[in-house]
2 protein chains.
Amino acid sequence: MNELTEKQRNILDFIQLAQQAGAPVPTLREIAEHFGFKSSRAAADHLDALKRKGFIQSEIGKARSLRVVSPFTQIRNQLADIPIFGSIPAGSPDNREQAVEGLTTVDVKSLGFTPTRNTFALRVKGDSMIGKHICDGDIVLLEFGAEPHHGQVVAAFVDGLSTLKTFLIKSGKPFLRAENPKYRDIIPAEELTIQGVLRGLIRRTDA
Amino acid sequence: MNELTEKQRNILDFIQLAQQAGAPVPTLREIAEHFGFKSSRAAADHLDALKRKGFIQSEIGKARSLRVVSPFTQIRNQLADIPIFGSIPAGSPDNREQAVEGLTTVDVKSLGFTPTRNTFALRVKGDSMIGKHICDGDIVLLEFGAEPHHGQVVAAFVDGLSTLKTFLIKSGKPFLRAENPKYRDIIPAEELTIQGVLRGLIRRTDA
DNA sequence: ATTCATACTACTCACATGAGTAGTATCAAT
DNA sequence: ATTGATACTACTCATGTGAGTAGTATGAAT
């Protein structure tokens with residue numbers, strides 16, 4: 001019952017293509033022009049059919065407000081871009097221009113938290129956090145400016161490099177510990193800059 | 001010289017967020033309303049500044065035609081939606097309607113491989129792969145139909161559930177092994193369905 | 001001192017755009 | 001035979017929307 005005709009599918013594809021390309025969604029007249037219709041009503045008819053069949057939605061009276069609602073985009077939530085740094089520059093990660101190695105885009109819901117401007121990513125070097133199952137090459141998502149709690153993993157600026165450590169409080173004093181018996185670093189955290197608190201992780205496995 | 005003021009940055013973020021969410025780009029009046037301006041001219045002034053500094057582009061006279069052209073979107077590549085299953089239904093993951101728990105969107109470049117229609121995700125239950133640093137609650141990205149190689153991690157259908165195991169070949173025969181001494185499962189792989197080969201991993205760390 | 005960018009309010013204008021009315025033609029299902 | 005969905009043309013209307021004019025205030029740079 002919810003099957004599309006060829007014309008309707010073509011129009012749905014046309015809209016979806018524009019949407020995916022990052023371009024504004026076409027207007028009734030743009031659709032009409034593209035398909036050679038001489039009246040925008042023809043396009044409106046097809047959109048009505050697509051709406052009735054649940055493939056698209058729009059807000060009334062609002063220009064270019066079409067949305068394709070495939071089973072995927074229905075589930076889809078807010079997205080967020082998070083910059084990946086090779087190493088974090090000193091201070092705030094707001095100095096975005098420098099050292100940005102790439103960008104990762106995550107679905108907020110699947111991640112379980114909402115990234116802010118203070119969220120950034122870092123490529124892990126070394127196996128100092130292997131005890132927490134954070135491996136060499138993993139991308140870790142961190143939040144700048146968050147207050148670290150006992151047992152949380154944090155990024156700290158040590159010897160000119162950003163390194164991951166576990167944040168611990170012992171006798172009221174904060175310490176940093178590597179999660180690998182090979183590295184016996186236990187460093188008083190007072191003298192250091194905590195750059196971010198671990199919020200998530202992305203790993204790529206080579207094929 | 002191309003630095004943005006805080007106001008301009010906020011407005012750029014507002015536009016980019018809408019764009020990423022798949023929503024139509026805001027109009028002058030929508031921007032003005034969101035930031036509490038009483039005139040759309042205020043928004044237009046900021047957009048003029050952003051255009052002059054090269055952060056956005058627009059087509060004249062066209063509704064909602066803004067595009068963010070920051071270094072971010074320049075780096076940005078193809079995105080891919082990957083469905084997350086609570087447990088994989090038997091057979092091909094193409095039966096997407098069922099058991100889809102959520103959706104994760106990843107940047108292809110940061111992931112290091114290109115997801116296909118055969119790429120899917122699975123939420124890990126249990127710690128049977130802790131030896132490979134795959135933890136309970138992690139989201140693993142898998143590829144259906146790929147030929148598993150010795151030592152790769154695969155998803156297999158065992159006792160009505162999808163479980164992760166390491167794929168091994170011993171004396172020409174394929175075996176599956178759990179990476180946890182607690183689970184001594186060594187199962188001949190011939191009788192089993194390999195549902196997918198591990199390609200990536202996403203972890204969320206509770207705040 | 002003056003210039004310039006930023007950051008607005010208040011208002012206007014033209015046209016872009018969604019939405020609608022009325023009518024025609026075709027085809028499949030009943 | 002008649003109904004209903006599809007697939008249009010021709011036209012109108014209200015409002016959404018980008019663009020612009022005029023003016024005010026602030027602060028940094030020269």
Side-chain angles (χ1 to χ4, degrees), chain A residues 1-19 21-69 94 97 117, chain B residues 1-19 21-70:
Chain A
M1 61 189 270
N2 271 2
E3 301 216 342
L4 294 182
T5 65
E6 199 183 328
K7 288 267 177 182
Q8 287 167 0
R9 172 139 297 274
N10 287 340
I11 288 171
L12 184 64
D13 285 347
F14 179 61
I15 296 166
Q16 205 167 16
L17 213 75
Q19 203 178 244
V25 166
T27 64
L28 292 175
R29 285 163 185 84
E30 283 169 358
I31 294 170
E33 193 192 9
H34 182 263
F35 288 96
F37 307 151
K38 291 182 179 170
S39 169
S40 63
R41 192 73 260 262
D45 273 352
H46 288 122
L47 294 188
D48 286 345
L50 286 168
K51 280 173 199 169
R52 181 165 42 80
K53 293 177 180 175
F55 284 81
I56 56 172
Q57 285 178 354
S58 74
E59 293 168 68
I60 52 170
K62 204 169 167 185
R64 301 177 189 273
S65 62
L66 287 176
R67 279 161 165 263
V68 178
V69 284
D94 249 348
E97 286 111 46
R117 183 175 312 171
Chain B
M1 63 186 277
N2 271 3
E3 300 217 341
L4 294 181
T5 64
E6 199 183 329
K7 289 267 176 180
Q8 288 167 1
R9 166 113 264 150
N10 287 339
I11 286 171
L12 183 64
D13 285 347
F14 179 60
I15 296 166
Q16 205 168 16
L17 214 75
Q19 203 178 245
V25 166
T27 64
L28 292 174
R29 286 164 184 84
E30 283 168 357
I31 295 170
E33 193 192 8
H34 181 264
F35 288 97
F37 308 151
K38 292 183 180 171
S39 169
S40 63
R41 193 74 259 265
D45 274 352
H46 287 122
L47 294 187
D48 286 345
L50 287 168
K51 281 173 198 170
R52 182 165 42 81
K53 293 177 180 176
F55 284 81
I56 56 173
Q57 284 177 354
S58 73
E59 292 168 68
I60 51 170
K62 204 169 167 184
R64 301 179 187 273
S65 63
L66 287 175
R67 279 161 164 262
V68 178
V69 285
S70 74

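Each chain gets a letter, A, B and so on, in the order its sequence line appears, and its residues count up from 1.
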In whole Å, what is the span from the [atom1] atom of [X] to the [atom2] atom of [N]?
X        : N       : atom1 : atom2 : answer
Ile11(B) : dT6(C)  : CD1   : P     : 12 Å
Leu50(A) : dT6(D)  : CG    : C1'   : 12 Å
Asp48(B) : dG18(D) : CG    : P     : 12 Å
Arg52(A) : dA5(D)  : CZ    : C1'   : 7 Å
Arg9(B)  : dT6(C)  : CZ    : P     : 15 Å
Lys38(A) : dT9(D)  : NZ    : C1'   : 9 Å
Phe37(A) : dC8(D)  : CZ    : C1'   : 8 Å
Leu47(B) : dT6(C)  : CG    : C1'   : 14 Å

Between the protein and nucleotides 13-17 of chain D, list every N/O to N/O distance that falls short of 3.5 Å.
residue	atom	partner	partner atom	Å
dT17(D)	OP1	Ala63(A)	N	2.9
dT17(D)	OP1	Arg64(B)	NE	3.0
dT17(D)	OP1	Arg64(B)	NH2	2.7
dT17(D)	OP2	Arg64(B)	NH2	3.4

| task | Would you mind reporting whether Val25(A) and Ser65(A) have side-chain heavy atoms less than 4.5 Å apart? | result |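 With C-beta onward as the side chain, the pair stays apart.
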
| message | So for the helix from dA1(C)-dT30(D) to dT30(C)-dA1(D), with five pairs setting each end axis, what is the inter-axis angle to 10°? | response |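 Rounded to the nearest 10 degrees, the bend comes out at 30°.
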
Separation between [atom1] of [X] and [atom2] of [Y], rounded to the nearest 0.5 Å:
X        : Y        : atom1 : atom2 : value
Ile15(A) : Ile56(A) : CD1   : CD1   : 5.0 Å
Leu12(B) : Lys7(B)  : CG    : NZ    : 15.0 Å
His46(B) : Phe37(B) : NE2   : CZ    : 5.0 Å
Leu50(B) : Ile11(B) : CG    : CD1   : 7.0 Å

Closer than 4.0 Å, any side-chain N/O of [X] to the OP1 or OP2 of [N]?
X        : N      : result
Thr5(B)  : dA5(C) : no
Gln8(B)  : dA5(C) : no
Lys53(A) : dT6(D) : yes
His46(A) : dA7(D) : yes

Under 3.5 Å, side-chain donor or acceptor atoms of residues 28-35 of chain B against the rest of the protein: list the pairs with distances, not counting sequence neighbours.
residue	atom	partner	partner atom	Å
Glu30(B)	OE1	Thr27(B)	N	3.0
Glu30(B)	OE1	Arg64(B)	NH1	3.1
Glu30(B)	OE2	Arg64(B)	NH2	2.9

Atom pairs, protein N/O to nucleotides 28-30 of chain D N/O, distance under 3.5 Å:
none

| note | Each nucleotide of nucleotides 20-30 of chain C classed B (base within 4.0 Å of a protein heavy atom), S (only sugar-phosphate) or -, in 5' to 3' order, makes BBB--------

| task | Applying side chain to side chain contact (heavy atoms under 4.5 Å, CB included), name anything that partners Ala49(A), two or more places apart in sequence or on another chain. | result |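 Ala49(A): side chain to side chain contact (heavy atoms under 4.5 Å, CB included) contacts with Gln8(A), Arg52(A).
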
Only counting residues at least two apart or in another chain, list the ones meeting side-chain hydrogen bond (donor to acceptor under 3.5 Å, both in side chains) with [X].
X        : result
Lys51(A) : Ser58(A)
Ser39(A) : none
Asn10(A) : none
Lys62(A) : Glu59(A)

| Listed nucleotide nearest any side-chain atom of Lys7(B), set dA7(C), dA7(D), dT6(D) | dA7(C)

